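Letters A, B, ... are given to chains in the order of the sequence lines, protein chains preceding strands, and every chain is numbered from 1. Please read all numbers here as calculations on a predicted model, not as lab measurements.
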There are 2 protein chains.
Amino acid sequence: MELNVIDAVKSSAQPMDAQAQVFKILTHPVRIAILNLLRDGEHCVCHLEAFLGFRQAYISQQLAVLREAGLIQDRRDGWNIYYRVVNPQIYAVLDAAHQLTGESAAGTAQLEAACPCPHCSPKE
Amino acid sequence: MELNVIDAVKSSAQPMDAQAQVFKILTHPVRIAILNLLRDGEHCVCHLEAFLGFRQAYISQQLAVLREAGLIQDRRDGWNIYYRVVNPQIYAVLDAAHQLTGESAAGTAQLEAACPCPHCSPKE
DNA sequence: CAATCACATTCAATTCCATGAATATGATTA
DNA sequence: TAATCATATTCATGGAATTGAATGTGATTG
């Protein structure tokens with residue numbers, strides 16, 4: 001059991017429940033921020049933690065929601081776990097809402113904090 | 001006070017809160033269904049009631065949520081109150097989510113029930 | 001295999017949302 | 001102005017989402 005959102009509603013439920021479920025996942029600024037950070041490809045959790053400035057466990061909780069919804073996937077590489085968006089169409093949803101609310105920037109003004117992962121610290 | 005969603009978050013809040021608020025409104029199959037019914041222009045409440053098959057008070061509750069969020073507006077004409085979508089860009093959000101979830105129809109398979117409003121019963 | 005690292009999960013408390021039931025409102029007609 | 005119509009609101013309750021705190025897991029290194 002524990003189907004992801006998209007698969008779950010494809011069969012038995014009402015048509016608009018699938019949309020509603022997706023929106024439910026997006027009803028959270030941190031989750032939106034995570035998805036925005038993943039626009040340029042995969043990132044490890046320490047990245048997200050550093051850029052968003054929240055506790056690790058909290059980030060992990062939100063990642064779990066996105067993961068169980070089937071919106072992101074994880075991949076382990078040594079010590080780090082890298083997350084990536086499964087279906088880029090999710091950004092069409094985010095962008096449409098962004099246009100509707102008429103905001104200025106795409107909302108990715110990060111902290112540019114230091115990250116200890118091998119992609120950050122070692123060479124460059 | 002009681003600002004609508006779009007106005008409320010434009011000033012003081014975080015960027016992605018505005019998007020999150022919009023998504024929160026859409027986290028409800030009945031509200032999505034109402035918006036879909038309003039795709040072809042305004043409808044009176046009795047229409048929505050007849051087409052969706054819910055109690056009047058329930059429809060009215062959901063209309064209130066949409067209205068207070070600034071997504072729809074009402075107009076009185078005699079006995080009936082007609083609702084319309086304020087900004088059609090909301091459909092870009094719905095359609096994007098619809099595409100993401102890969103549904104077949106636009107989810108507007110209504111009941112085609114009878115409605116007592118003057119637009120329905122009197123002449124045609 | 002013990003220590004350590006990056007990350008995940010569980011638990012509990014609070015707050016928020018959904019919804020049925022009952023009732024209110026405000027325009028309209030007689 | 002009283003009755004009636006379409007629609008709105010209030011209230012109460014059960015259930016779900018949020019989040020802090022603590023702890024667990026599994027790969028990696030020595």
Angle between ring planes, B:Phe54 versus B:Tyr58, binned at 30° and 60°: parallel, tilted or perpendicular? tilted
Tell me the interatomic distance from B:Lys24, atom NZ, to C:dT15, atom P, rounded to whole angstroms. 15 Å
Would you say the side-chain atoms of B:Gln19 pair up with the backbone N or O of A:Leu94, donor to acceptor, closer than 3.5 Å? yes
Figure out the CG/P separation between A:Leu48 and C:dC7, and round it to whole Å. 9 Å
Between the protein and nucleotides 20-24 of chain C, list every N/O to N/O distance that falls short of 3.5 Å.
residue	atom	partner	partner atom	Å
C:dG20	OP2	B:Arg55	NH1	2.6
C:dG20	O6	B:Gln61	NE2	2.8
C:dA21	N6	B:Gln61	NE2	3.4

Show the numbers, then the answer: is there a side chain to side chain contact (heavy atoms under 4.5 Å, CB included) between A:Leu38 and A:Tyr82? CA-CA 10 Å; A:Leu38 296 182; A:Tyr82 294 86; over 6 Å; no
Below 3.5 Å is the cut-off: list the nitrogen or oxygen pairs between protein and nucleotides 27-30 of chain D, distance only.
residue	atom	partner	partner atom	Å
D:dT28	O4'	A:Trp79	NE1	3.1

C:dC5 phosphate, OP1 or OP2, under 4.0 Å from A:Asn80 side-chain N/O: no
Could you check how far CG of B:Leu63 sits from P of D:dA6, rounded to whole Å? 16 Å
Please lay out, stage by stage, how A:Phe23 and B:Val22 fare under the test side chain to side chain contact (heavy atoms under 4.5 Å, CB included). CA-CA 9 Å; A:Phe23 292 137; B:Val22 170; over 6 Å; no
Below 4.0 angstrom from OP1 or OP2 of C:dA6, is there any side-chain N or O of A:Tyr83? no
Output the rounded distance in Å from NE2 (A:His43) to P (C:dA6). 18 Å
Between B:Arg67 and D:dT9, is there a contact of a side-chain N or O with OP1 or OP2 at under 4.0 Å? yes
For the pair made of CZ in A:Arg75 and P in C:dA8, what is the distance, rounded to whole Å? 14 Å
Nearest-Å distance, CG (A:Asp74) to C1' (C:dA8)? 10 Å
Check the angle between the aromatic planes of A:His47 and A:His43 and answer parallel, tilted or perpendicular using the 30° and 60° thresholds. tilted
Considering all heavy atoms, the nearest B:Ala20-A:Ile32 contact: N-CD1, 3.8 Å
Applying side chain to side chain contact (heavy atoms under 4.5 Å, CB included), run through A:Ser60 and A:Val45 and close with a yes or a no. CA-CA 8 Å; A:Ser60 204; A:Val45 179; 5.6 Å; no
Interatomic distance where NE2 belongs to A:His47 and C1' belongs to C:dA6 [whole Å]: 14 Å
A:Arg31 CZ to D:dA17 P, in whole Å, measures 9 Å
Are the side chains of B:Leu35 and B:Ile72 in contact, using a 4.5 Å heavy-atom criterion? yes
Might you work through the side chain to side chain contact (heavy atoms under 4.5 Å, CB included) test for B:Asp74 and B:Leu63, ending with a clear yes or no? CA-CA 9 Å; B:Asp74 57 337; B:Leu63 286 172; over 6 Å; no
